[in-house]
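Some notes on the structure that comes next.
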Amino acid sequence: MVLRFRTLKTQSLSKKQQCLSLLNSCRSMDQLRQIQAQVHVSGLYQDTRVLSELVYFCSLSPSKNLRHARSFVHHAATPSPISWNILIRGYAASDSPLEAFWVFRKMRERGAMPNKLTFPFLLKSCAVASALFEGKQVHADAVKCGLDSDVYVGNNLINFYGCCKKIVDARKVFGEMPERTVVSWNSVMTACVESLWLGDGIGYFFRMWGCGFEPDETSMVLLLSACAELGYLSLGRWVHSQLVLRGMVLSVQLGTALVDMYGKSGALGYARDVFERMENRNVWTWSAMILGLAQHGFGEEALELFAIMNNNNNDNRDIRPNYVTYLGVLCACSHAGMVDEGYQYFHDMECVHGIKPLMTHYGAMVDVLGRAGRLEEAYEFIQSMPIEPDPVVWRTLLSACTVHDVHDHTGIGERVSKKLLLKEPRRGGNLVIVANMYAEVGMWEEAANVRRVMRDGGMKKVAGESCVDLGGSMHRFFAGYDPCPDLVPVYHLLDGLNLHLKMVN
DNA sequence: GTAGGGTTAG
């Protein structure tokens with residue numbers, strides 16, 4: 001289709017209006033080039049409104065071309081703030097979000113004044129890029145422009161600091177906001193929950209409620225994900241009851257959050273119940289259910305569900321597994337001892353579904369091999385990884401070594417511990433595993449050496465902690481921590497359990 | 001005469 005101004009019925013409209021109308025109906029870069037030629041001919045090239053529409057198409061339409069948009073703005077004599085903002089917004093959603101920051105620098109160099117709509121997308125770019133250094137400069141600029149009091153700017157500042165794991169700063173911004181909306185509360189909750197400051201996240205929910213804000217769906221999803229992470233079943237059930245009481249529609253997100261919470265808390269019956277009742281499910285819903293089953297020892301059921309998900313006869317024709325689904329699948333294999341299947345799924349993940357394995361997938365596969373006692377194979381698997389294994393991967397194998405290598409003197413435990421300590425020499429927890437491994441096989445001198453290294457280096461293991469939900473409140477337990485007045489029956493029970501386990505094995 | 005905005009899933 002060739003576009004010309006005179007093809008329009010609206011002959012009476014001005015050249016400029018015709019041009020804007022054409023831009024409005026523009027669908028491809030080819031059409032845009034034709035319009036661009038017309039713009040040149042009619043001398044509308046420096047019109048700020050026309051320019052912003054050109055930039056809008058190149059930055060935000062499905063056939064966008066950001067370099068094109070950028071060149072429009074850079075070559076314009078005086079681009080309006082709107083053009084700059086649209087360009088920044090385009091980069092925020094692109095694969096190279098930090099370019100937004102450089103556009104902003106250029107904008108400032110050329111003396112354009114940012115307005116309150118400049119900062120949200122700019123901060124969003126810094127947030128997705130986790131660019132703390134750049135984001136702080138933006139924050140400072142927002143303060144200089146007196147725009148940091150805008151509620152949208154504030155919400156994005158919270159989100160930015162949250163994404164950079166600067167929770168104290170996120171909370172500081174929140175605390176100093178002159179005006180807040182539900183989104184502000186949700187943003188600060190997100191920051192806490194994402195960084196596993198779960199109690200604080202839950203606290204913000206109830207403070208929000210106390211301040212008279214109505215929690216929305218996002219608030220509920222966030223609260224549920226904090227419950228899921230803590231295994232705080234009683235609070236999770238309370239949230240569920242609130243959803244029913246308020247007559248909130250069980251959206252895919254809310255339903256998934258419930259399935260996730262029940263699944264992680266081990267209440268698989270409830271998880272399954274919500275899952276079955278949901279009208280719409282997406283890949284996250286299925287993944288949450290699969291992972292819940294896998295993590296609680298129902299490996300075969302998890303894999304069965306995965307097969308159903310992939311079965312085209314079901315209502316989920318468009319649901320394709322993603323990286324989270326495969327974490328659940330591999331977790332199922334390791335808990336069910338299915339090594340060959342694990343290899344097969346790991347292979348299919350990339351070759352059939354095009355999902356490039358992440359570090360966690362390699363770790364999960366090491367867990368599959370390690371739990372099955374195939375330690376050498378796991379070691380070779382790590383050596384053959386195309387990415388540099390992180391300490392977690394080595395620690396997974398080392399833990400497997402302490403279980404399986406105790407009476408076997410192949411020395412794989414030693415090799416693995418060397419690899420791990422090379423990467424993370426100062427983490428006390430690593431040395432504790434190594435010392436225990438030596439002690440287990442009676443290599444007392446070596447064990448003592450490791451302990452001495454720890455002591456001399458001032459290294460301590462961060463105490464492992466367990467939470468138990470009792471009568472609706474969370475109780476935290478540490479090893480060696482002794483708040484209970486009468487532990488004797490507890491130890492008797494534990495002894496009994498250990499005996500039972502040994503007899504079963 | 002004038003255009004555009006935020007938070008959420010292992």
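In the text below, chain A, chain B and the rest are named by the order of the sequence lines, each starting its count at 1.
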May I ask you to say what [X] touches in the nucleic acid, namely base, sugar-phosphate or nothing, with a heavy-atom cut-off under 4.0 Å?
{"X": "Asp47(A)", "result": "nothing"}
{"X": "Glu194(A)", "result": "sugar-phosphate"}
{"X": "Ile82(A)", "result": "base"}
{"X": "Asn282(A)", "result": "base"}
{"X": "Ser287(A)", "result": "nothing"}
{"X": "Lys116(A)", "result": "base"}
{"X": "Asn156(A)", "result": "sugar-phosphate"}
{"X": "Phe119(A)", "result": "nothing"}

His353(A) and Tyr326(A) aromatic ring geometry - parallel, tilted or perpendicular at 30°/60° bounds: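 Rings of Tyr326(A) and His353(A): tilted, 30 to 60°.
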
Mutual orientation of the aromatic rings belonging to Phe213(A) and Trp185(A) [parallel < 30°, tilted 30-60°, perpendicular > 60°]: tilted

Test: Glu388(A) and Lys423(A) ion pair at under 4.0 Å: yes

Results of salt bridge (charged side-chain N to carboxylate O under 4.0 Å, His left out) for Asp390(A) - residues two or more places apart only: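 Asp390(A): no salt bridge (charged side-chain N to carboxylate O under 4.0 Å, His left out) contacts found.
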
Sequence-distant partners of Arg33(A), salt bridge (charged side-chain N to carboxylate O under 4.0 Å, His left out), two or more places apart: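 Arg33(A) satisfies salt bridge (charged side-chain N to carboxylate O under 4.0 Å, His left out) with Asp30(A) only.
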
Over all atoms of both residues, closest heavy-atom pair of Ser59(A) and Leu66(A): CA-CD2, 3.9 Å

Contact summary for Leu254(A) and Leu250(A), nearest pair of heavy atoms: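 Looks like CB-CD1, 4.2 Å.
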
Proximity to DNA chain B (any heavy atom under 4.0 Å), residues of residues 179-186 of chain A only: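 Close to the strand are Thr181(A), Val183(A), Asn186(A).
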
Range on DNA chain B touched by chain A - first to last nucleotide, heavy-atom distance under 4.0 Å: dT2(B) to dG10(B)

With a 3.5 Å cut-off and sequence neighbours excluded, list the donor-acceptor pairs that the side chains of residues 129-140 of chain A form with protein atoms.
from	atom 1	to	atom 2	distance (Å)
Gln137(A)	OE1	Arg105(A)	NH1	3.4
His139(A)	ND1	Tyr161(A)	OH	2.7

Quiz: residues 342-352 of chain A side-chain donor-acceptor pairs under 3.5 angstrom, not counting sequence neighbours:
from	atom 1	to	atom 2	distance (Å)
Tyr343(A)	OH	Glu377(A)	OE2	2.8
Gln344(A)	NE2	Asp348(A)	OD1	3.1

